[in-house]
Amino acid sequence: MTSDAAPAAGDLPIAAAVLAGTHWTALWHGMGPAEDAPEMLTGLLNADQRVRSRALDYLHHVVHHQNTLYEATVPAALYVAAVLTDPRTALPVDKKPRDFPGPMRAELLGWLGSVAHAADEEAETTSRRLGFPPEDYPPFLRTCQIRPLLFQAVSACLDDPDPHVREAAMAACIPLLDDPRLRCHRAALIPLLREVLAVSALWQYRERAIETLDAWGQDTAGLEVRREAFEFCDSEDSTWS
């Protein structure tokens, strides 16, 4: 697998095949050539919490630096999707004060949601408005190409026994369902958004659910977002990624 290739819809690759079949040295991430990607990605499943946490930081701050899609983002997202249900992703990771709760699996879902958001309709509109047609940016096109695969992995977590993982999965599904091939799944997600995410303990999830329901033409009467004191100022640190 190179920067020019992605598996066909329905063929979620094996994690080891993504690592071995990707020419990482030919791809770039936010800090340069992605030759360090295989070692860092395998660290997501390491028994040492410090190693897992460092690998997660690598996803956020290198592979998807400043919410940007890079050449290495696509195979990294495929790897994350492939390991999402691995039992080791139920292990904890280091948390900062305003991080979302949940184990590594919830964090990985948040990261996949951020990658998907960078290629959704809003991102496309913004890119065009700024004079950057997304069709001229291969990482955007390739991220769009693998959205069905990402949805396959993310939606498998909607029934996870951990409520934090379930909420993270719902939130990650939202940008993926901008894909015309996946919009048929919106009907099944709407009750979860209304009954679970819109009443989450986290205002960020409540806001996201209500905005989505409204955008999808659903009645949001009776649903309300109440932000805790000072949370508005801190919201920049409480992201989907």
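Because only heavy atoms are used, hydrogens play no part in the values below, and waters and symmetry mates are left out as well, while side chains stay in. Not measured: the values here are computed from a predicted model.
For the pair T42 (side chain) and P38 (backbone), a donor-acceptor distance under 3.5 Å is present. Looking only at distances, a side-chain donor or acceptor of R52 sits under 3.5 Å from a matching main-chain atom of N46. The main-chain N or O of L213 is never found under 3.5 Å from a side-chain atom of R194 such that the two would form a donor-acceptor pair. Looking only at distances, no side-chain donor or acceptor of H117 sits under 3.5 Å from a matching main-chain atom of G113. Distance alone, capped at 3.5 Å, places no donor-acceptor pair between the D179 side chain and the L176 backbone. Between the side chain of W24 and the backbone N or O of L19, at least one donor-acceptor pair lies under 3.5 Å.
In E39, the CD atom is not crowded: 12 or fewer heavy atoms of neighbouring residues, nucleotides or ligands sit closer than 6.0 Å. Within a 6.0 Å sphere centred on OH of Y137, heavy atoms belonging to other residues, nucleotides or ligands number more than 12. Counting non-hydrogen atoms of neighbouring residues, nucleotides and ligands closer than 6.0 angstrom, the CZ atom of R50 reaches no more than 12 such neighbours.
Partners of Y70 by ring-ring contact (aromatic ring centres under 6.0 Å, His included), not counting sequence neighbours: none found. Annotation: side chain to side chain donor-acceptor pair (under 3.5 Å) contacts of E211 (sequence neighbours excluded): none.
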Set out, in order, the CA-CA distance, both residues' side-chain angles and the distance that settles side-chain contact (heavy atoms from CB on, under 4.5 Å) for Y79 and T22, then state yes or no. CA-CA 11 Å; Y79 177 84; T22 300; over 6 Å; no

Working for side-chain contact (heavy atoms from CB on, under 4.5 Å), residues W111 and V115: CA-CA 6 Å; W111 184 79; V115 169; 3.8 Å; yes

Derivation and outcome, side-chain contact (heavy atoms from CB on, under 4.5 Å), residues Y58 and L44: CA-CA 10 Å; Y58 173 81; L44 294 168; over 6 Å; no

Report the C-alpha distance between L56 and M104 in whole Å, list the side-chain angles of each, state the deciding distance to 0.1 Å, and finish with yes or no for side-chain contact (heavy atoms from CB on, under 4.5 Å). CA-CA 8 Å; L56 182 64; M104 171 65 87; 4.2 Å; yes

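Between P180 and R147, the closest heavy-atom pair is CD-NH2, 4.4 Å. The two residues E35 and T25 have their closest heavy-atom pair at CB-CG2, 3.6 Å. Shown here for V93 and Q49, the closest heavy-atom pair between the two residues is C-NE2, 3.5 Å. The two atoms that bring A153 and A81 nearest to each other are CB-O, 3.5 Å, heavy atoms only. Here the closest heavy-atom approach between residue L69 and residue T143 is recorded as CD1-OG1, 3.7 Å. Residues L59 and L41 approach most closely at CD2-CD2, 3.7 Å, considering heavy atoms.
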For residues 156-174, dump all side-chain donor-acceptor pairs below 3.5 Å to protein atoms at least two apart in sequence or in another chain.
unit_1: D160; atom_1: OD1; unit_2: D162; atom_2: N; d: 2.8
unit_1: D160; atom_1: OD2; unit_2: R105; atom_2: NH1; d: 2.8
unit_1: D162; atom_1: OD1; unit_2: H164; atom_2: N; d: 2.7
unit_1: R166; atom_1: NH1; unit_2: D160; atom_2: O; d: 2.7
unit_1: R166; atom_1: NH1; unit_2: P161; atom_2: O; d: 3.2
unit_1: E167; atom_1: OE1; unit_2: S200; atom_2: OG; d: 3.1
unit_1: E167; atom_1: OE2; unit_2: S200; atom_2: OG; d: 3.2

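Taken together through direct or relayed side-chain contacts under 4.5 Å among Ile, Leu, Val, Met, Phe, Trp and Tyr, W203 and F100 form part of one hydrophobic cluster.
Rounding to the nearest 0.5 Å gives a distance of 6.5 Å between CG of L78 and CG of L150. In this structure, OG1 in T212 is found 8.0 Å from CG in L197, a value given to the nearest 0.5 Å.
Classified by interplanar angle (parallel below 30°, tilted 30° to 60°, perpendicular above 60°), the ring pair F151/H185 is tilted.
Taking the charged nitrogens against the carboxylate oxygens, R54 and D48 have no contact shorter than 4.0 Å, which rules out a salt bridge. Using a 4.0 Å cut-off between a side-chain N of Lys or Arg and a carboxylate O of Asp or Glu, E121 and R128 do not qualify as a salt bridge.
There is a side-chain donor-acceptor pair under 3.5 Å between H64 and S114. Counting only N and O atoms by type, the side chains of D57 and H60 include no donor and acceptor under 3.5 Å apart.
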